[in-house]
Amino acid sequence: MNVSKGITPRAKDFAQWYNDVIMRAELADYAPVRGCMVIRPWGFRIWELMQQGLDGMFKATGHQNAYFPLLIPQSFLEKEAEHVEGFAPETAVVTRAGGKELEEPLVVRPTSETIIYAMLTKWIQSYRDLPVLLNQWVNVVRWEMRTRLFIRTTEFLWQEGHTAHATQEEAEEETKRMLGVYRTFMEEWMALPVLTGVKTPLEKFAGAVRTYAVEGLMQDNRALQLGTSHFLGQNFAKAFGTQFQTAEGGMEYVWSTSWGASTRLIGGLIMAHSDDIGLICPPKLAPLQVIVVPIWKTAEDRTKVMEVAAQIRQELAQSDIRVDVDQRDGMKPGAKYYEWEGRGVPVRLEIGPRDVAGSQAMLARRTGGKEPVPLEDVVQLVGKALDDIQTGLCETARERREAESLRGATKDQLIERMEGRAGFVYAGFCGSEACELAIKERTKATIRVLPDVEFQSAETPSECVWCGEKATTEAVWAKAY
RNA sequence: CGGGGCGUGGCGCAGUCCGGUAGCGCACCUGCUUUGGGAGCAGGGGGUCGCCGGUUCGAAUCCGGCCGCCCCGACCA
């Protein structure tokens with residue numbers, strides 16, 4: 001990519017466009033190790049803001065943060081049959097340390113269920129110890145074959161919530177509650193309307209009884225799984241002997257859940273909103289919400305303009321708006337505009353001698369439009385612009401998702417869509433693995449979810465889109481990342 | 001692992017066919033002039049041409065081997 005000029009347009013090459021946006025906005029860069037990336041300060045700030053948002057919601061629902069170690073005895077992973085089968089191929093294993101072979105190899109965590117249940121077994125004795133509501137913000141390693149910045153990297157950052165409950169009902173409720181938390185976060189913070197539902201057995205997490213997911217639709221009409229919430233039943237409790245004494249005096253295994261969202265969210269954010277100029281970042285997650293660009297000709301102008309710019313910065317900062325002034329000398333205003341647009345700053349305030357004379361500033365929105373605003377109202381109007389951009393992005397994404405969703409599809413339509421513009425395709429499904437695999441084989445599309453009730457079609461499909469037998473459910477197909 | 005592409009200053013590339021001591025654009029540094037949508041001029045710094053070996057008076061260029069990266073497919077948050 002030629003940084004000084006434009007980036008690859010989306011229409012020309014979406015994958016290249018995606019990489020260009022990341023490089024241009026300085027979100028991340030490739031690390032020396034294959035599949036690994038460096039998250040640069042601008043990208044990491046977005047992650048910090050995501051953490052803030054999500055963590056607040058986790059705390060509000062009663063969860064506490066903790067930290068479990070990176071290294072897990074290999075034998076732990078092997079205790080849950082399905083779990084080990086799912087993760088064995090993609091684990092990195094430490095066999096040598098301290099200058100000698102280890103007695104037991106240590107796995108670099110791909111996820112932490114096993115070590116957590118090993119510990120919960122020690123900590124839980126009675127129903128009075130339940131529920132346990134934990135979360136941790138950590139890195140994990142999964143040796144994937146093909147990687148992509150933010151979307152799938154060998155090492156990634158995420159949060160994993162783990163909870164243990166006395167009853168199945170309580171654990172099921174928790175699973176859905178956290179799915180709802182994700183949905184709310186995606187919509188309110190990321191301005192990304194998602195689709196929620198349950199995964200088919202073929203697509204669920206290895207070790208879970210049921211997996212729920214939130215799926216977003218990207219601008220190339222492919223689906224991206226942005227978060228998952230698992231009802232684990234008693235699978236891990238049984239594997240690790242996590243039992244508690246009931247009020248009645250009997251012994252029972254705990255019912256548990258786990259749920260996670262990762263730095264992949266940043267990839268989703270990019271692919272959902274950005275354009276051919278670069279990143280578009282929803283204000284709530286923007287490292288900088290406002291950039292003030294001063295304009296001057298003479299030294300005298302410069303002094304005056306800088307004074308006003310500094311004052312505006314202070315006023316905005318006092319209202320908890322993330323703002324900075326681009327004071328760089330020897331760079332033309334236009335060049336600064338392009339740079340901050342590429343980085344996704346939602347609002348730009350231009351202040352030149354003419355504006356100072358008229359006690360105004362020019363307010364430009366990253367999503368388009370430029371208008372003069374009186375300096376005395378700048379805080380209020382900037383705040384309004386940020387709100388408008390946030391809701392506007394969400395609305396645009398929602399309209400796109402609806403426009404790119406086909407409901408009540410026939411077999412031919414499903415095939416045609418997946419060979420063409422893709423998107424979400426709703427249709428009836430008989431529930432058989434044979435049909436699911438046949439569709440995947442033929443169209444490369446997978447069932448993203450069996451949609452939750454609020455996403456289901458008004459008319460429930462009666463026949464399976466593939467075999468024509470009686471449908472047991474409605475399903476949503478898409479080509480996924 | 002299969003298919004495709006590519007390794008030459010920080011980035012993007014030319015040069016490779018046809019061997020002759022490395023060049024262009026951007027970026028960077030200094031100075032002056034500039035600054036309302038990607039500034040101009042002048043000067044300057046920076047490269048074991050992915051690695052190893054071979055052929056040759058001489059290799060970025062020819063030959064052999066190896067390594068790495070990106071993209072597309074099979075696994076996955």
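In this text the structure is predicted, and so the values were computed from the model without any measurement. In what follows, chains carry the letters A, B, and so on, assigned in the order in which the sequence lines appear, proteins first and then strands, with residues in each chain numbered from 1.
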Here's a test for you: under salt bridge (charged side-chain N to carboxylate O under 4.0 Å, His left out), which of A:Arg366, A:Lys336, A:Arg348 qualifies with A:Glu341?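 With A:Glu341 as partner, salt bridge (charged side-chain N to carboxylate O under 4.0 Å, His left out) holds for just one option, A:Arg348.
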Who is the Watson-Crick or G-U wobble partner of [N], with both distances under 3.5 Å?
N: B:G43; result: B:C29
N: B:C75; result: none
N: B:C6; result: B:G68
N: B:U34; result: none
N: B:A14; result: none

What parts of [range] reach RNA chain B, counting only heavy atoms under 4.0 Å away?
range: residues 66-85 of chain A; answer: none
range: residues 136-146 of chain A; answer: A:Arg142, A:Glu144, A:Met145, A:Arg146
range: residues 184-193 of chain A; answer: none

Is A:Arg348 touching bases, backbone alone, or none of the nucleic acid, heavy atoms closer than 4.0 Å?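 Base contact.
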Using a cut-off of under 3.5 Å, enumerate the N/O to N/O pairs linking the protein to nucleotides 41-43 of chain B.
none

Centroid distance below 5.5 Å plus an interplanar angle below 30 degrees: do A:Tyr338 and B:G38 meet both conditions?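 The ring of A:Tyr338 is stacked on B:G38.
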Stacked pair A:Phe156-B:A77, distance under 5.5 Å, angle under 30°: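 Yes, the aromatic ring of A:Phe156 stacks with the base.
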Which of the following nucleotides, [options], is nearest to the side chain of [X]?
X: A:Ala335; options: B:G38, B:G37, B:C72; answer: B:G38
X: A:Met362; options: B:A77, B:C71, B:G36; answer: B:G36
X: A:Glu90; options: B:C75, B:G38, B:G36; answer: B:C75

Inspect the contact between [Y] and [X] and indicate whether a charged nitrogen and a carboxylate oxygen are less than 4.0 angstrom apart.
X: A:Arg210; Y: A:Glu172; answer: yes
X: A:Glu188; Y: A:Arg183; answer: no
X: A:Arg442; Y: A:Glu419; answer: yes
X: A:Arg365; Y: A:Asp388; answer: yes

Within less than 4.0 Å of OP1 or OP2 of B:A74, is there a side-chain N or O belonging to A:Lys444?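 Answer is yes, contact under 4.0 Å.
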Quick one: which protein N/O atoms are closer than 3.5 Å to N/O atoms of nucleotides 2-7 of chain B? Pair and distance per line, please.
none

All N/O contacts under 3.5 Å from nucleotides 28-34 of chain B to the protein, with atom names and distances to one decimal?
none

When the nearest nucleotide of RNA chain B is assigned to A:Gly352 and to A:Lys440 on a heavy-atom basis, which residue is associated with the more 5' position?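 With A:Gly352 and A:Lys440 compared, the 5'-side residue is A:Gly352.
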Taking salt bridge (Lys or Arg N to Asp or Glu O under 4.0 Å) as the test, write out the residues that go with [X], two or more places apart.
X: A:Asp55; value: A:Lys59
X: A:Lys332; value: none
X: A:Arg417; value: none
X: A:Arg448; value: A:Glu203, A:Glu215

Return the set of residues passing side-chain contact (heavy atoms from CB on, under 4.5 Å) with A:Asp324 (not counting sequence neighbours), or none when no residue passes.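 A:Asp324: side-chain contact (heavy atoms from CB on, under 4.5 Å) contacts with A:Leu288, A:Ile291, A:Arg313.
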Set of side-chain contact (heavy atoms from CB on, under 4.5 Å) partners for A:Ala88, sequence neighbours left out: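 Partners of A:Ala88 by the side-chain contact (heavy atoms from CB on, under 4.5 Å) criterion, ordered by chain and then number, come out as A:Val84.
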P atoms of B:U61 and B:U55, separation to the nearest Å: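 Comparing P positions in B:U61 and B:U55 gives a spacing of 15 Å.
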Rounded off to whole Å, could you give me the [atom1]-to-[atom2] distance for the [X] and [N] pair?
X: A:Phe14; N: B:C72; atom1: CZ; atom2: C1'; answer: 16 Å
X: A:Arg328; N: B:A27; atom1: CZ; atom2: P; answer: 13 Å
X: A:Glu203; N: B:C75; atom1: CD; atom2: P; answer: 10 Å

